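Here the structure is laid out as structure tokens; the discussion comes afterwards.
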There are 2 protein chains.
Amino acid sequence: MMRSDILDLFEKHDILPTQQRVEVAQILLVRPQHLSAEQIIDRLMQQGSSVSKATVYNTLKLFGEHGIVKEIMADPVRKFYDSSTLPHHHFYNVDTGELHDIAESDVSIGSLPLLPAGTRQESVEVLIRVRPTEN
Amino acid sequence: MMRSDILDLFEKHDILPTQQRVEVAQILLVRPQHLSAEQIIDRLMQQGSSVSKATVYNTLKLFGEHGIVKEIMADPVRKFYDSSTLPHHHFYNVDTGELHDIAESDVSIGSLPLLPAGTRQESVEVLIRVRPTEN
DNA sequence: AAAACAATTTGGAATTGGTCTATACTGCAG
DNA sequence: CTGCAGTATAGACCAATTCCAAATTGTTTT
């Protein structure tokens, strides 16, 4: 995704295209990937641009609320942000922490139970935890 | 699950049945439930027994490694420990933080993708995120 | 039963990921 | 300009968890 696409996306979601927001988006949205807030901050620093920690967190939260990125909770200690917002699933390697996408079409879920009273469904996520084969 | 069952379980897993480990097990394993480490510490304190924070964390980690409890990562800021280790799934209310079990038989997964090379499957978990219906 | 050793527990310090706060900056409408 | 709303910032703060070195407990050896 290139700069002009990002600006379009922001406009569609009524997000003011500030310098910092565009920079964060350019890192996360260039290609399908999973990054933690820390990783995004590191990359920003590497490329010399200084966006503050607070702003990165604010921005990721904002993006999440607008559904332009997706939060993934596979790791107990940190959130990952996923640039592909289409429904899909994940492999999580518990040893290495690696996350890999699984296309939604690769998993078929036959039946789902009744939701608890007074709730509506927000998402259905399948997480397949894997571990390196020993040997 | 009662005390003697817990001792049997420990023996089966070569876990030394220390005072503290038994106390933690007695809280978590009495019935199917989801507790965070903090909640377990609170309950220990309520019942007057003083097991240190570090020991609770050590113990839960040990139990997890032996597969006698299951870690659930639904909430990015804390882990929950699940006393039912049989495969099953969860509803997670993103507003209230409530976790509810879904019996494995209530979800049928039709197909699963090929695992990444060099990995074996550890678990398949379905997390249905829900939110209170507004009104 | 004392000495020696291993395993476990402990309190408190340290770390980590993330949030909060008060201040400063950046447009833009009047 | 001036004022105001929305953002950005550094740094203090916070909660959950881990780390560490010392104290305790349990088990063997003698």
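So you know, we letter chains A, B, ... as the sequences are listed, proteins then strands, and number each from 1. Bear in mind the structure is a predicted one, so any value in this text is a computation, not a measurement.
Between B:F91 atom CZ and A:Q121 atom CD the span is 8.0 Å, to the nearest 0.5 Å. Between atom CD1 of residue A:I72 and atom NE2 of residue A:H90 there is a gap of 3.5 Å, rounded to the nearest 0.5 Å.
For B:K53 against D:dT17, a side-chain N or O and a base N or O form a donor-acceptor pair under 3.5 Å.
With rounding to whole Å, A:K61 atom NZ is found 7 Å from C:dT19 atom P. In this structure, B:I41 atom CD1 and C:dT10 atom P are separated by 11 Å, rounded to whole Å. To the nearest angstrom, C1' of D:dT18 lies 13 Å from CD of B:E38. Atom pair B:D14:CG and C:dA7:P shows a separation of 13 Å (rounding to whole Å applied). Atom CG in B:N58 sits about 14 Å away from atom C1' in D:dA16, given to the nearest Å. If you take CD of A:Q19 and C1' of D:dG6, they are 16 Å apart, rounded to a whole angstrom. The distance between atom CZ of A:R21 and atom P of D:dT9, rounded to the nearest whole Å, is 11 Å. For the pair B:E71 CD and D:dT17 P, the computed distance is 10 Å after rounding to whole Å.
In this structure, A:H34 and A:H88 have tilted ring planes: the angle between them lies in the 30° to 60° band. Relative orientation of the A:H66 and A:H13 rings is perpendicular, given thresholds of 30° and 60° on the angle between their planes.
The nearest heavy atom of DNA chain C to B:V77 and to B:S52 marks one nucleotide each, and the one closer to the 5' end goes with B:S52. Projected onto DNA chain D by closest heavy-atom contact, B:A37 and A:Q20 fall at different nucleotides, the more 5' of which corresponds to A:Q20.
The side chain of B:T55 lies closest to C:dT10 when the candidates are C:dT10, C:dC20, D:dT17. Checked against C:dG18, D:dT18, D:dT9, the side chain of B:Y57 finds its nearest nucleotide in D:dT18.
Of the charged side-chain nitrogens involved, at least one lies within less than 4.0 Å of a carboxylate oxygen, so that A:E125 and B:R129 count as a salt-bridged pair.
Among the atoms of the strands shown, only primed sugar atoms or phosphate atoms (P, OP1, OP2) are found under 4.0 Å from some heavy atom of B:S50. Residue-level contact check: B:T18 touches the backbone only, with heavy atoms under 4.0 Å from sugar-phosphate atoms and none from bases.
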